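The structure appears right after this line, and notes come after that.
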Amino acid sequence: MKIRGHRVEPGEVRAALLRRPDVGEAVVTACVTRSGSQRLAAFVVPAAGCGLDPSRIRSELAGDLPEYMVPAEILGVEEIPLTANGKVDTRSLQTRL
């Protein structure tokens, strides 16, 4: 996907998130803003017994990834919703923004 003119691989951002000890699961997707531009959003399930601090995660990701690959939004969720086919339900996640 393209974000602000840069090619972004959501899997690479997800892998960087999963390297954090406080992240149990993550989904990274592009969301369209009201102005029509795209931004990255990450939906994160905290690891067992851990809290979630989105600002700390963003700052840690900024040390590992280029600025354009750091998600603009990091939201904590209890679980990743799935469709009837077992795929990630990104529409359901995007309604939480």
Side-chain angles (χ1 to χ4, degrees):
M1 70 181 71
K2 286 241 181 178
I3 303 291
R4 296 182 305 222
H6 298 279
R7 177 115 176 98
V8 176
E9 289 293 332
E12 188 175 344
V13 179
R14 179 178 180 265
L17 282 164
L18 293 176
R19 285 193 292 269
R20 308 280 170 253
D22 53 345
V23 174
E25 185 57 64
V27 172
V28 177
T29 186
C31 298
V32 179
T33 64
R34 290 185 179 135
S35 66
S37 63
Q38 284 195 333
R39 64 181 179 175
L40 277 181
F43 300 91
V44 176
V45 177
C50 292
L52 188 68
D53 183 356
S55 61
R56 185 179 53 77
I57 291 174
R58 285 190 89 244
S59 66
E60 290 175 358
L61 286 177
D64 294 343
L65 299 171
E67 183 270 330
Y68 63 89
M69 291 178 73
V70 176
E73 299 281 338
I74 297 178
L75 297 174
V77 294
E78 291 182 19
E79 64 181 6
I80 303 296
L82 302 177
T83 64
N85 295 332
K87 296 181 179 181
V88 174
D89 188 353
T90 54
R91 286 184 184 160
S92 172
L93 288 172
Q94 290 177 356
T95 61
R96 299 175 190 198
L97 290 175

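Note that the structure is predicted; figures quoted are calculated from it, not measured.
Between the Glu25 side chain and the Phe43 main chain, no donor and acceptor come within less than 3.5 Å of each other. Using modelled atom types, one side-chain atom of Arg14 and one backbone atom of Ala26 make a donor-acceptor pair closer than 3.5 Å. Checking side-chain atoms of Arg39 against main-chain N and O of Pro71 turns up no donor-acceptor pair under 3.5 Å.
With sequence neighbours excluded, no residue forms a side chain to side chain donor-acceptor pair (under 3.5 Å) with Thr95. Remark: Glu12 pairs with no residue by the side chain to side chain donor-acceptor pair (under 3.5 Å) rule, at least two apart or across chains. Scored by the side chain to side chain donor-acceptor pair (under 3.5 Å) test, Asp89 finds no partners at all (sequence neighbours excluded).
Residues Leu40 and Met1 approach most closely at CD2-SD, 3.9 Å, considering heavy atoms. The minimum heavy-atom distance between Met69 and Val13, with the atom names listed, is O-CG2, 3.5 Å. What you find for Ala16 and Leu61 is that their closest heavy atoms are CB-CD2, 3.7 Å. The two atoms that bring Tyr68 and Ile3 nearest to each other are O-CG2, 4.3 Å, heavy atoms only. Scanning all heavy atoms of the two residues, the minimum distance from Ala41 to Cys31 falls at CB-SG, 3.7 Å.
Using a cut-off of 4.0 Å between Lys/Arg side-chain N and Asp/Glu carboxylate O, Arg58 and Glu73 are scored as not salt-bridged. Salt bridge Arg20/Asp64: present, at least one basic N to carboxylate O contact under 4.0 Å.
A 4.5 Å side-chain heavy-atom check between Asp22 and Asp53 finds every atom pair outside the cut-off. Contact of the Val88 side chain with the Thr29 side chain is not registered, since no non-hydrogen atoms from C-beta on lie closer than 4.5 Å.
Leu75 and Leu17 are not part of a single hydrophobic cluster, where members link through side-chain heavy atoms under 4.5 Å apart.
Summarising the geometry, atom CD1 belonging to Ile80 is positioned 5.5 Å from atom CG belonging to Leu93; distances are rounded to the nearest 0.5 Å.
Checking each of Val44, Val27, Leu52, Val45 against Val77 for a side chain to side chain contact (heavy atoms under 4.5 Å, CB included) leaves exactly one that passes, namely Val45.
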